[in-house]
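Heads up, the thing below is written out as C-alpha cells.
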Amino acid sequence: MSKIIAICNQKGGVGKTVTTVNLGIGLARQGKRVLLVDVDAQGSLTASLGYQHPDQIEVTLSTVLGKVIEEKPLLPTEGIIHHEEGVDLLPANIDLAAMEVTLVNIMSRETILREYLNTVRDQYDVILLDCCPSLGMLTINALSAADTVIIPMMAHYLSLKGMEQLMRTIARVKRQINPGLTISGILVTMADMRTTYSQEIVELLRDSYGNQLKIFDTIIPRSIRAAETSAEGKSIFLHDPSGKVSAAYEALTLEVAS
C-alpha cells in the first residue's frame with residue numbers, strides 16, 4: 001500500500017510545485033513507483049512537467065473525480081500520463097475549479113479524492129498531492145486522503161504567521177475526517193542562508209514549532225535554476241545536476257525516504 005503525501009500550504013509561491021516535482025522524481029530515481037497528482041486548477045504541476053497547455057488535456061483529475069461522484073466505472077490508468085523521468089502524473093486544468101464548486105453540494109464531499117486514490121494506490125509506492133494555494137474543498141480532500149503532510153515554507157516572516165491557520169485546518173481534518181493524518185515536517189524553501197534575515201526566520205521557526213514538529217534538516221536554497229525547471233518541463237536533476245538546489249532535493253529525498 002502506497003504512502004500518500006500532501007504538499008500543502010495555503011500561501012502561494014512557497015515552492016509546493018517545485019518540491020512535488022523534484023521530491024517525486026528524486027524518489028523515482030531511488031526505484032520507487034511514484035504518482036504525482038495535480039490538485040490545483042491552475043495546473044502548475046502539469047505545466048511544470050512539460051504539459052504547457054493543460055486546458056487541452058481531455059482526461060484530468062476533474063474527469064476522474066466526476067466519475068467517482070457519478071459512480072461510473074474507472075479504468076486503473078485512466079487519465080494518468082507517464083513522464084520521461086520515471087513518474088506518473090494525473091494532470092489538472094481549469095475544469096477543477098468547477099469541480100470544487102460541485103464538491104460543496106454532494107454527500108461525502110471531503111473524501112471523494114480519497115475514494116479515487118484508493119482505486120490506484122496499490123500501483124504505487126508513493127503518491128504526492130500538489131495542493132492549491134487555498135484551504136478550500138480541494139485542499140480538504142487532499143488532507144483527507146493523505147497519510148502525512150509536508151509543509152513548504154519560505155524563510156519569510158509572513159509565511160511563518162500564516163502557519164497558524166494551516167495548523168488549525170490540519171488539526172480539524174485529523175479530528176473530524178482523517179484521524180491517521182500526521183505532519184512529516186516543515187520544509188524551508190527559497191532561503192538565502194547567507195543573510196541574517198533568513199537565519200533569524202529559521203531560528204524563529206525552530207523556536208516556535210521545533211518542539212511539536214519535525215523541521216527538515218534540508219533547506220532548499222534560493223536559485224533561479226529552480227524557477228527555470230518549470231519552463232523546461234524537467235526536474236532540477238536534469239536541468240542543473242551539479243547545482244546546490246539539486247543537491248538539496250537529493251538530501252530531502254533521503255530524509256523523506258528514511
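Between the side chain of Glu85 and the backbone N or O of Ile25 there is no donor-acceptor pair closer than 3.5 Å. Between the side chain of Thr77 and the backbone N or O of Ile80 there is no donor-acceptor pair closer than 3.5 Å. Using a distance-only test at 3.5 Å, with no hydrogens or angles considered, a donor-acceptor pair links the side chain of His83 to the main chain of Gly233. A donor-acceptor pair is defined here as one N or O able to donate and one able to accept, closer than 3.5 Å; such a pair exists between the side chain of Arg121 and the backbone of Ser2. In this structure a side-chain-to-backbone donor-acceptor pair under 3.5 Å is missing from Asn93 to Gln56. A donor-acceptor pair under 3.5 Å is absent between the side-chain atoms of Lys16 and the main chain of Pro152, judged by distance alone. Checked by atom type and distance alone, the side chain of Asn178 never pairs as donor or acceptor with a backbone atom of Val173 at under 3.5 Å. For Gln199 (side chain) and Met193 (main-chain N/O), a donor-acceptor pair under 3.5 Å exists by modelled atom type. Checking side-chain atoms of Gln52 against main-chain N and O of Ser48 turns up no donor-acceptor pair under 3.5 Å. In this structure a side-chain-to-backbone donor-acceptor pair under 3.5 Å is missing from Ser184 to Thr148.
No single ILVMFWY cluster, assembled from side-chain heavy atoms under 4.5 Å apart, contains both Met107 and Val104. Hydrophobic clustering keeps Tyr209 apart from Leu187 (ILVMFWY residues linked when any side-chain heavy atoms are closer than 4.5 Å, directly or through intermediates). Both Leu74 and Leu117 are assigned to one and the same hydrophobic cluster, defined by single-linkage of ILVMFWY side chains at heavy-atom distances under 4.5 Å.
Within a 6.0 Å sphere centred on CD of Glu71, other residues, nucleotides and ligands contribute 12 heavy atoms or fewer.
Using a 4.0 Å cut-off between a side-chain N of Lys or Arg and a carboxylate O of Asp or Glu, Lys67 and Glu78 qualify as a salt bridge.
For residues 33-50, every residue pair satisfying the salt bridge (Lys or Arg N to Asp or Glu O under 4.0 Å) rule, not counting sequence neighbours, is listed here: Arg33-Asp125. Under the side chain to side chain donor-acceptor pair (under 3.5 Å) criterion, the residue pairs touching residues 238-249 are Thr19-Tyr249, Glu228-His239, with sequence neighbours excluded. A salt bridge (Lys or Arg N to Asp or Glu O under 4.0 Å) check over residues 194-209, counting only residues at least two apart or in different chains, returns the pairs Asp192-Arg194. Pairs of residues two or more places apart, or lying in two chains, never qualify as side chain to side chain donor-acceptor pair (under 3.5 Å) while including a residue from residues 103-117.
The shortest non-hydrogen separation linking Ala97 to Ala41 is N-CB, 3.6 Å. Residue Ile236 comes nearest to Asn22 through the heavy atom pair N-OD1, 2.8 Å, listed as atom of the first residue, atom of the second, then distance. Residues Asn9 and Ile151 share a closest heavy-atom pair of ND2-CG2, 4.0 Å. Considering all non-hydrogen atoms of both residues, Glu255 and Thr218 come closest at OE2-OG1, 2.6 Å.
Side-chain polar atoms of Ser198 and Thr195 form a donor-acceptor pair below 3.5 angstrom. No side-chain donor-acceptor contact under 3.5 Å links Ser134 and Gln10.
The distance from atom CG of Leu113 to atom CG of Asn118, rounded to the nearest 0.5 Å, is 9.5 Å. Summarising the geometry, atom OG1 belonging to Thr182 is positioned 9.0 Å from atom CD1 belonging to Ile5; distances are rounded to the nearest 0.5 Å. The distance from the OG1 atom of Thr60 to the CG atom of Leu90 is 7.5 Å, given to the nearest 0.5 Å. Atoms CD and CG, on Glu100 and Leu96 in that order, are 7.5 Å from each other to the nearest 0.5 Å.
Its side chain within the 4.5 Å cluster rule, Met154 clusters with Val14, Met190 among the Ile, Leu, Val, Met, Phe, Trp and Tyr residues.
In terms of the side chain to side chain donor-acceptor pair (under 3.5 Å) criterion, Lys174 has no residue partners (sequence neighbours excluded).
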